[in-house]
Structure formats: C-alpha cells, structure tokens
Amino acid sequence: MKTKRNNILQRLLLALGMLVVIVYFFPHPSVSHYKYEVDRPWNYAKLIAPFDIPVHPDSATLTAGIDSLDKAFVPVYKKREVSVDSTMRIIRARMTAAEQIGGENTTGLADFVERYLSSFDSRTQAVLTRAYEAGVMQDTLPVPFDRFSRSRARIMEGRVLREVPTRNFYTVGELCDEIDSIAGACNCRRQLRNVHLRELLLPNIVCNLTETKRLYANDKALITIDRGVIQRGQTIIDKGAIVTPQDYTNLRTYETLLAGQSGASDRSDMLMFLGQVLYVALMIVFFMLYLRFLEPALWKNLRSFVFLVSMMTLTFLVSDLAEYAIHGGLYVVPIVITPVLALVFFNARVALMAGVTQTMLCAGLAVTNPLEFILIQLSGTCAVIFSLHDITRRSQILRASLYAGIGYIAAYLAVQLMMNGSFDDFDWRKVGVLAVNALLTSLTYVLMLVAERVFGFVSNVTLVELADSNSPVLRQLSDECPGTFQHSMAVATLASDAATKIGANSLLVRAGAMYHDIGKMTNPIFFTENQHGVNPHDGLTPQRSAEIIVSHVPEGLKRAEKAGLPGVIRSFISEIFLHHRLPPGRRRGRRRPAPVHVSRPQSAHARDLAAHDGRLRRGRLTFAQGQHPGRHHRAGQPHHRRPDRRRPAQRFTHLVPRRADHQKGLHQAHHDHEPHAHQLSRRAEIHTRLRDSRARSRARKAITAPFSRYNK
C-alpha cells in the first residue's frame, strides 16, 4: 500500500512540475503576441477595435515633420542694453597702461595718446555704436538653438515678438576682428593684445530659452496631433493587408492601450491567469486519466510516464521559443514528433492521445487563430500515426514526413475555404512553413536513438535490426556454433508465433530468442546441438559438466554488454536460464544450479521464450507430428493423448523428422523388439550421468548450495 501511494505521489509531482513550467511560459494576458513589420502582409485575422483608438501620426511622418520644424523654426531672443562709452573707457585705459609699461618715457606716452590712440578711439566707438544698434550675438548658440534656423530671429520687446533677419547682426568674433583691423591701421595692435576684447565685448542679443521651448513645443504639438479616432467596432487592419507606417503606429497604439487597460484591472488579469491554470491542468488530468484507466501497464511504468511528460513539456517550450523569436514560428515546430515517439515505443492509442494533448497545450500560444492551428496539427498527427501503424524500418519515418505535409496543407486549405470562401487570402508563405515543419519531422530518426539511450527503450525498428541474422553477433554465432544458431532460430520461430497468438510483442520475443544462448560461443562443443558423435562430458565429472553448462549465462551477458545490446535483450539471457531442467524421470525440484545474478523470468515475453526453449530441449518438438517420445511413450504403444488434442505445428515440420519416416522407425523398432534410437541415446545419456549415485549426490550438494534460493 505504501509503495502504491509513493508511485501515485511521484506521478502527481511530475504532473505538477509540468503544470508550473507550462503556465509560467504561457502568454501573459496583458501582453500582445502579434508579430508584424512595415511593408509586410498582416498574417492574422481581421483586427477589430475593442475600444476607441486615437490615430497618431506614423513615425515616418512624425520624423519628417520634426525635421522640417527644426529647419524652419525661428528662435526667440531678448535684447539687453550695453554701454558703449563704458566699454571704450575700459579699452582706452588698458591700452594706455600697456603703452606706459612698454614705453621709454612719458613724452612718448603723451605722443602715442595724441597721435594714435585718439584716432583708434574715435573709429572704434563708431563701430561699436553701429554694431550694438544692429545687434551683437554670441558666436556659438546653446542647445536647442544650434539646430534651429539662423537666418531669422524673433526679438521679444516687452510682450511683443518682432521677427527680424539676422544678416545685419554681428557676432562677438566678427566685432573683434573689425576692431583688430582698426588697431592695425592706427599702429596700436601691440597695445590691443592686452585688452582681451572677447571678455569686454558682451552680446546684446541673448537667447530666451524659456520662451523658445514653449513656442517649439506648441509647434511640435501641431505636428504630433492625432489625425482622428478609430472608433470601437471599426477595422484596425484587414487580413493580408500590407502594413503601412500608419498601420504600424495604429497597432502600437492599440497594444499600448490594451496593456494599460489590463494593468488597470488586476482582477481581470488574475481571472485570466486562473483560466490558464485550469486549462493546462485539465489537459494534463485528462491525459493522466487516460493512462490510468486505458493504459494501466504504461501508467505503472514510471520511466514511460516520465518520458511522455518530458517530451510534451520540451515540445511546448520549443514552440513558445519559436513563436517568440520568429513570426509564425509556432507552425515551424514539428509537434507531431511527440506522438510519433509515443507510437514507436508504445502504441497508436497512446500516440493519438499524446498528440491531442500536445496540440491543445500549444494552441494556447496561437493567440490569433487557434482553431486553424488545432485543425492543422491534428490532421498532421493523424496522417503520421496512420502511416506508421506498423513501423519496422527507419525509412518509414521519411515517408511519414510526406504524409504529414499532405495533412497540413489539406487542413490549411480546408480552413481557408471555410472561413473566407475563396483563394484570395491563400498564403503561400504559410504553405512553405508547413512544408518545413513536415521536413523537420524526420528528426524523429535521431530522437529515437536518444530516447533509447537515455530511457532504455527499444523500438520495433531496433528489434528488427537486432533479429537480422546478418548482425555481427548472430553471424559470429552461426559461424562458431551452427547447432546453437539453428536451435535459436527454432526457438525464435516458436516463441514469436506463440507471442502473436497471445497478443504479446513477437518482435521482442524473437530478438530475445536469437540472443539467449550467445554465451555458448565460449565452449560450443560442450552443448549437444554442436556435437558430432563426440561428447566431451564423458570424461568430466558431473560437477564440472554442470559448471560448464551454467557458465554460458554469464558469458552471454558479457558478450551482450560488449556488443551493446539493450537491457531488455540482456534480461532474456539472464532470466531464461531457469528453463534448463533435468531430464524427465528425476524427482521434481532438481534443477541445474543457477548463478547468483540469474533471476526467474519476470516478463510474459521471457516466460513464453523459456517455455518453448525448454520444450525443444526436452525433445518435445515431435508433438507437432503427433508423437510423444517422453517417459509416457514406449515403442509400439499408442500415444497417450487423443488425436484431436495433439498440437499441430505444420509450419515447423522442417525442424523435426518427417512423420512417415518417424512412424517407419517406430514400427521397425517394435518389430525387432528393440527400443527406438531416440530412446537409446536418451537412456545411455541418463545412465552415464547417473553411474555413481554418491558422486552425483556430492556434486549436486556442492553446486546447488550457494544457489538454493533460486530453487525454492
């Protein structure tokens, strides 16, 4: 009871982990997942405005309008008073001080002032008066005045703006250059260097930053003003329409408003999130209930359950990543890989249920048209499952890819005709995407190998390849042990036929039968099927003979591990040993000792193979011909079974003597009053092995003591 409770808890924890991962990567309610670009067609359904949407100017129009505004905008300046007389007094004083410091006597200073400085003073004052009346500006303008037009300026006088041309304005640099040229003409340029005119000459036309920003914002608002409103119920964009810059801006505005409205309603977001949790939980619960009641063997196998949960979760994550990274990437991901792997390792019913669950989970990523996605994926899934109902070759996967592509395109065509009633909106780009999806389905070939290595599964394809007589191990067996090889072929034929009758995996039984005696390649001559008149056991003690016979099991496991055979095939080698019983006639319970690592057959496939292998070894294959050469039969006596109860095996007549020849031998033996040749060889072998009762008893005790737990 405790183990059963733990198994259920493990599966619930796995399902909970799957639920958390999928819900975490599910599309958020307030986030739009539309993928679109300018000058590309709108690949979603017609978008209807759920509320009023203002029509903002598109980015291209807005950028062009702002550039034009920057070039044509006239900045605002203010005019301030600058005293020319005070500026001239400072210039004269600094030049006189420079001459006095550099002159030789006071007579020279007076002569300089009278001859040169007076002329420079009068001319410079006239230039400054004229310049300040026209206007003096700075050499460099601050941001944002540097990008505006410099051909005109607006001068604020009180509360009135007067626009004037700037061609008559002086800059501080131009005014300094003109004064420098006057100083050169008056031979006083040396004295002017110590004046530092750029510090003395102040601009009287100054930038009015506050008023300029206000006027610029007003003009910009006229450019960015809304062009209208898309009222509720009107079309934002039609399906297949080319996305213009204005459409792109409208879609961005729609997404922004949608996110804002979702953010303003926390309760709505919470309810939508709860709906997502319930949706994913329902899909997982339905899948688990299907396994629990309709596939109980698969439900009890934790490894298989982990494989299915892992594949569905991984496929969902890849689909979400593809949809996020690529426009329409959800249709590129080959979701049918999950049902294909379920079909390869389990059966078609599990594959179909896994495909439906996977499709419904990924349909939550298709925000715009989930119905189209569900129909397309289910059509591809059904096409693949029907084409791979009996997969025995890996090349069939490539053929299944073709069927998947046909199913995809047929479903897409049906959806288009059902929704639009014409071929006008038929998107050849999506057809190409679906073709790529079908081509990627061939990746199942690689994933089969990965799943077999990681989870230890064995597919029917691998079993067919292993049962091929041209495989390296079986070819070596046929070369070194031809009798054992023929025996394995006979056991495989009988066991696979019986497995087919009872509904078991005949391919698995056949492959296990082909390899169950490969350990005999170490000492082939010690086994009767490989002997030709000489029995090496005659010269050995019973204990040594038993040890050699038993050793073919561990030797077979070593060879299987070296050859890389799957674990399920190795289990046939170890579990099948217990069919080697002593000949009939001994008292019940005496068997050859089993090595420590050998266990009783745990699966129905191993038990079936053990039964048929033991039947062949005890000489009961002649049941197929209506004869029973065992202890109940004596030469010349009728069979102890009724004719209608005899076991027919006409398909195996090549493995036994012909009935006519066999009956002829029996009648001849009865006429000569001699036992049958089969009975003679069997009786001689028994008497040889049981010659010394004490030796036999000691050998049995010595061999079976360590392995007594296997004989219980």
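Computed from a predicted model, the values in this text were never measured in an experiment.
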Fill in: F25 and Y324 aromatic centres sub-6.0 Å
no

Discussion item. Before we go on, tell me: are the rings of F307 and F345 under 6.0 Å apart, centre to centre?
Written reply: yes

Is there a donor-acceptor contact under 3.5 Å linking the side chains of [X] and [Y]?
{"X": "Y331", "Y": "E323", "answer": "no"}
{"X": "Q377", "Y": "Q358", "answer": "no"}
{"X": "D468", "Y": "S471", "answer": "no"}
{"X": "S574", "Y": "S571", "answer": "no"}
{"X": "R399", "Y": "Y403", "answer": "no"}
{"X": "T338", "Y": "T315", "answer": "yes"}
{"X": "T244", "Y": "D247", "answer": "yes"}

Heavy-atom side-chain contact between [X] and [Y] under 4.5 Å:
{"X": "P54", "Y": "L257", "value": "yes"}
{"X": "P296", "Y": "L291", "value": "no"}
{"X": "V568", "Y": "L508", "value": "yes"}
{"X": "T357", "Y": "M312", "value": "yes"}
{"X": "W299", "Y": "R11", "value": "yes"}
{"X": "H516", "Y": "S488", "value": "yes"}

Response to the item:
Rounding to 0.5 Å, atoms CD1 (I223) and CG (L69) come to a distance of 4.5 Å

Is it the case that the side chain of [X] and the backbone of [Y] share a donor-acceptor pair, with hydrogens and angles ignored and the cut-off at 3.5 Å?
{"X": "T313", "Y": "S310", "answer": "no"}
{"X": "Y216", "Y": "D70", "answer": "no"}
{"X": "R292", "Y": "K300", "answer": "no"}
{"X": "R232", "Y": "D52", "answer": "no"}
{"X": "E452", "Y": "V458", "answer": "no"}
{"X": "D238", "Y": "A241", "answer": "no"}

Practice prompt. Measure from NZ or CZ of K430 to the centre of the six-membered ring of Y412, then state whether that distance is under 6.0 Å and the direction lies within 45° of the axis.
Written response: no

Worksheet item: Would you call R349 and E295 a salt bridge, using N to O less than 4.0 angstrom?
Response: yes

Discussion item. One thing to verify: whether R252 and E255 come together as a salt bridge, which I'm taking to mean a side-chain N less than 4.0 angstrom from a carboxylate O.
Written reply: yes

Discussion item. For L375 versus A411, what's the shortest heavy-atom pair and its separation?
Written reply: O-CB, 3.8 Å

[atom1] ([X]) with more than 12 external heavy atoms under 6.0 Å:
{"X": "F386", "atom1": "CZ", "answer": "no"}
{"X": "R303", "atom1": "CZ", "answer": "yes"}
{"X": "E561", "atom1": "CD", "answer": "no"}

Fill in: Chi angles and distances behind the side-chain hydrogen bond (donor to acceptor under 3.5 Å, both in side chains) call for D58, T61
CA-CA 5 Å; D58 59 89; T61 304; 2.8 Å; yes

